[in-house]
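Please read the structure below before turning to the comments.
Values below: every heavy atom of this structure, side chains too, minus hydrogens, waters and symmetry copies.
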Amino acid sequence: MIARLLGLAALVLMACAQASSYEAPLPHELSTDADMCRWLDCRSVMPEADAFSPRKGQPRYVEAWRTVNGERKTIGYVYLSTDVADIPAYSGKPVVTLVGMDRAGTIRGVRILKHSEPILLVGIPEQKLVDFVRQYLGHPAGTRFELGKADGDYVPMDAISGATVTLIAQNQLISRTSYEIAKQVGIIKPQPKPQAVFTTDTTTRSWEQLVDEGSVGHLKVSPGDVGEADSGQPYLDLYFGYLNTPAIGKSLLGTPAWEALMATLKPGEHALFVVSNGSGSFKGSGFVRGGIYDRIQVKQDRDSYTFRDSDYMNLYSLKAAGAPSFRESGIFILRDHSFSAAWPWAFNFLGNRRDANNEKTFVNFESEYWLPAHYLQGGRPAVERPDAPWLKAWKGKPVEIAVFAALLLFTLGFYALRDRWERRSRRSDKRWISWPKTTMWVISIGFIGFWQMAQPSVTQLLTLIHAPFDGWRWGLFLSDPLIFLFWIFIAISLLLWGRGLFCGWLCPFGSLSELLYKIGGRLGLARWQFKLPKPLHDKLKWLKYAVFIGLVAASFHSMVLAEQLAEIEPFKTTFLVGIWNRSWPFVLFVTTIFGLSLFTERPYCKYLCPLGAGLGLPSRLRLNGLKRKAECGPCKACAVGCGSQAIAADGRIDPMECLLCLDCMVMYYDDHACPPLARERKRRERDGLPATAIGKDGYFIPIKEVH
């Protein structure tokens, strides 16, 4: 009955989980049709406009027009963020955003079209992201935004607690794309950097030497990266480099060809070579249709540089010793005085990836290039690089991270020394264990759950399961420091002792559920508190494993579907959003669980939690289990008091269900509570024999006669 009620509530929640722009379908034609505003409501970000141009420029944008006295005037510009930059958010996918700015470069409208952030599906209300992006309105293109308090020329932004990584990515997206478009239409003039001055080094180097020293950059894209079947060869195995440097240019082209190339360049122009093998092409077909090589870009700081057919020169061969042959090659001329070879830059390849639903998305592959210092007079200039989003997240909460790490270490240390606390305790007095554990529950609920919102979720476990197939992204796993540390703790404790240390001691929702049960007993509800009959419990406990397996299966069909179904977890409603900020199905589900928790111990943990099930399956491989005696099977004293009902009829403890409360281990050493020990104690008292210490095997140490 309990499982049916909880399951029904979960199904209602799943039906209500779909957010308006979460994985919202966008027209396939949107990425190719020149008439972008045919497929999008461009007036939503430029309401004063009455017409819009076809896409222009590279990166692409449309002009917003308004007819005044019969004359059509350009009043602003509208662009799609993915036409300009592909900056992944927490999900690993970009937040597709439509942005409008006026002719002065002031941002007039921002609209979220599509996102893949699970936190905004099942945690934080999507309206909060809508409210967040409104803060960009009225600011000029290229403004540097910063979450929270900002210094210098940064504009402070009110953040959304629990969605820091998403917001950092969105800040980078709006700042970078608005700058690119403003530069494209002439609102912002690029600031040239000092040009590189080369040393007199003209030593000829082999291909291997050039690659090893970084003079030749490398970018490799596998078929899987673009959603294609493995063909036995890379999709793109690409090498590139800067040719103006005498030693590099002469090594690659030969002295006569290099000198002829340099003679064609005007001051401030730069020659780059690109060669590749593989099943894909870095040239694409855009240069045939519109004269633009739309697959490749060079990026330096905020500036992006593209190439037209007039910037291309044939490259027939490489002269460097040991240089392999290539299927595709070319020399590209970068004609922009704002670019400087003395500073680092990146070569960017824009590919098309098809997902499981055969939908095409754009994905960027990037490789950094910086001339070795010995080619530059004075060496490389000092460069202050912006912190990666995940690093900003770690730097933003040093105290919280230190406190949380200390809590995890204390928990590991306390449990590792559990034997001494078990021996000091009695069934009638468990304070050596119960007081620290209750303290950890309170800290877990208040600090980890409600304040830091670091409740682990089955969606993170699904991401870990998919990592070998989708690629391991350290930035994604490091983006939430407390969650990252929590999963390290879970991995260590799972290997040593099974799921119980996390589930029974530090899981915020599990701690809240059990604390409610304890409070209910103290408030006079003990007479109505109950456990399900063991035969019924042994059947219903498998429900959570079915839920977990169902989520894993769904994730391989569609991660979006799995994230929606994962709303069976009540963690987001409890900690991330708040029960008063959600619709009635979520409230009903959580209050039902809390209500049942007053009368039966951890109902959700026992019967529905997919995270607990996912951690329970490998718990059978733990290195250390709880101790048992030969009499534990027929005795059943521990089984009667086991709140998680994890002790079988033969006395074995099921590590998949055990929450390591240690009640059975207190009895293990208690010579007044453990029946075998109690009988031996009474026999010795009756026979006038001394009560020796209890050994690690749970029995009195035998008395040895001394002759």
Side-chain angles (χ1 to χ4, degrees), residues 58 176 179-180 183 189-207 209-219 238-255 257-276 282 293 296-308 310-313 315 318-320 323 329-349 365-386:
Q58 188 67 23
R176 178 171 164 181
Y179 174 84
E180 289 291 342
K183 189 180 70 168
K189 302 297 181 184
Q191 297 297 319
K193 295 180 175 66
Q195 292 298 306
V197 179
F198 306 119
T199 62
T200 57
D201 182 0
T202 57
T203 305
T204 301
R205 291 166 171 81
S206 68
W207 176 261
Q209 289 173 322
L210 292 170
V211 172
D212 289 344
E213 71 178 11
S215 296
V216 172
H218 186 210
L219 176 63
L238 183 146
Y239 292 87
F240 64 96
Y242 185 74
L243 293 174
N244 290 43
T245 310
I248 299 174
K250 291 180 180 181
S251 297
L252 290 168
L253 304 181
T255 300
W258 179 79
E259 290 177 347
L261 173 63
M262 292 299 105
T264 66
L265 299 184
K266 297 177 181 178
E269 293 185 343
H270 312 268
L272 314 175
F273 85 95
V274 184
V275 294
S276 74
F282 69 79
Y293 287 89
I296 58 174
Q297 281 186 330
V298 166
K299 297 181 179 180
Q300 189 170 59
D301 294 338
R302 289 185 172 188
D303 298 319
S304 297
Y305 308 94
T306 55
F307 302 98
R308 303 189 64 85
S310 57
D311 301 323
Y312 171 80
M313 299 176 65
L315 174 61
L318 294 173
K319 303 300 183 182
S329 60
I331 294 175
F332 293 88
I333 310 302
L334 197 161
R335 309 178 195 276
D336 197 310
H337 291 259
S338 65
F339 176 84
S340 173
W343 269 259
W345 52 274
F347 184 89
N348 182 271
F349 171 75
F365 303 93
E366 194 168 278
S367 178
E368 185 181 85
Y369 184 95
W370 198 355
L371 277 175
H374 59 265
Y375 291 130
L376 297 167
Q377 289 189 17
R380 290 172 169 176
V383 174
E384 185 177 348
R385 298 177 183 269

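Side-chain atoms of T264 and I333, non-hydrogen and from C-beta on, never get closer than 4.5 Å to each other. Proximity of L253 to L315: side-chain heavy atoms (C-beta onward) are separated by under 4.5 Å at one or more points. Within the 4.5 Å cutoff, no side-chain heavy atoms of P194 are placed close to those of S340. Here the side chains of Y293 and T306 are not in contact, with every heavy-atom distance at 4.5 Å or above. With a 4.5 Å cut-off on side-chain heavy atoms, L238 and F347 count as touching. When side chains are defined from C-beta on, F332 counts as touching I296, because their heavy atoms get closer than 4.5 Å. Between P246 and W258, some side-chain heavy-atom pair lies under the 4.5 Å cut-off. In this structure the side chain of V211 never reaches within 4.5 angstrom of the side chain of H218, judged on heavy atoms.
Checked against the 6.0 Å centroid threshold, Y239 and W207 count as a close aromatic pair. For Y369 and Y242, the ring centers sit 6.0 Å or farther from each other.
Judged as a ring pair (Phe, Tyr, Trp, His ring centres under 6.0 Å), and not counting sequence neighbours, F273 has no contacts. Legend: residues meeting ring pair (Phe, Tyr, Trp, His ring centres under 6.0 Å) with H374, ordered by chain and number and at least two apart, are absent. For F365, the ring pair (Phe, Tyr, Trp, His ring centres under 6.0 Å) test picks out no residue, with sequence neighbours left out. The salt bridge (charged side-chain N to carboxylate O under 4.0 Å, His left out) test applied to D201 returns R205, not counting sequence neighbours. E259 meets the salt bridge (charged side-chain N to carboxylate O under 4.0 Å, His left out) test with no other residue; sequence neighbours excluded.
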| Pair L272-W345, side chain to side chain contact (heavy atoms under 4.5 Å, CB included): steps then yes or no | CA-CA 12 Å; L272 314 175; W345 52 274; 4.1 Å; yes
| request: Before giving the answer on side chain to side chain contact (heavy atoms under 4.5 Å, CB included), spell out for M313 and L261 the whole-Å C-alpha distance, their side-chain angles and the decisive distance to 0.1 Å. | output: CA-CA 10 Å; M313 299 176 65; L261 173 63; 3.6 Å; yes
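No donor-acceptor pair closer than 3.5 Å links the side chain of E368 to the backbone N or O of P344. Between the side chain of W370 and the main chain of A342, a donor-acceptor pair closer than 3.5 Å is present. The closest donor-acceptor contact from the side chain of Q195 to the backbone of S338 lies at 3.5 Å or more, if one exists at all. Remark: side-chain polar atoms of D311 are not paired, donor with acceptor, to backbone N or O of L334 under 3.5 angstrom. Using a distance-only test at 3.5 Å, with no hydrogens or angles considered, a donor-acceptor pair links the side chain of Q300 to the main chain of W343.
Among residue pairs with one or both ends in residues 263-274, those qualifying as salt bridge (Lys or Arg N to Asp or Glu O under 4.0 Å) are E269-R335; sequence neighbours excluded.
Separating the CG atom in N348 from the CG atom in L219 is a distance of 8.5 Å, to the nearest 0.5 Å. Expressed to the nearest 0.5 Å, how far CG of L371 lies from OG1 of T245 amounts to 4.0 Å. Here T204 contributes atom OG1 and Q209 contributes atom CD; the two are 10.0 Å apart, rounded to the nearest 0.5 Å. In this structure, OG1 in T200 is found 8.0 Å from CD in Q377, a value given to the nearest 0.5 Å. Put simply, CZ on R176 and NZ on K299 are 3.5 Å apart, with the number rounded to the nearest 0.5 Å. Of the inter-residue distances, the one linking L210 atom CG with L318 atom CG reads 10.0 Å to the nearest 0.5 angstrom.
Nearest heavy atom pair, residue T203 against residue S251, reads O-OG, 3.8 Å. Of all heavy-atom pairs between A247 and T202, the closest is CB-CA, 4.0 Å.
Remark: K193 NZ is packed, more than 12 non-hydrogen atoms of other residues, nucleotides or ligands lying under 6.0 Å away.
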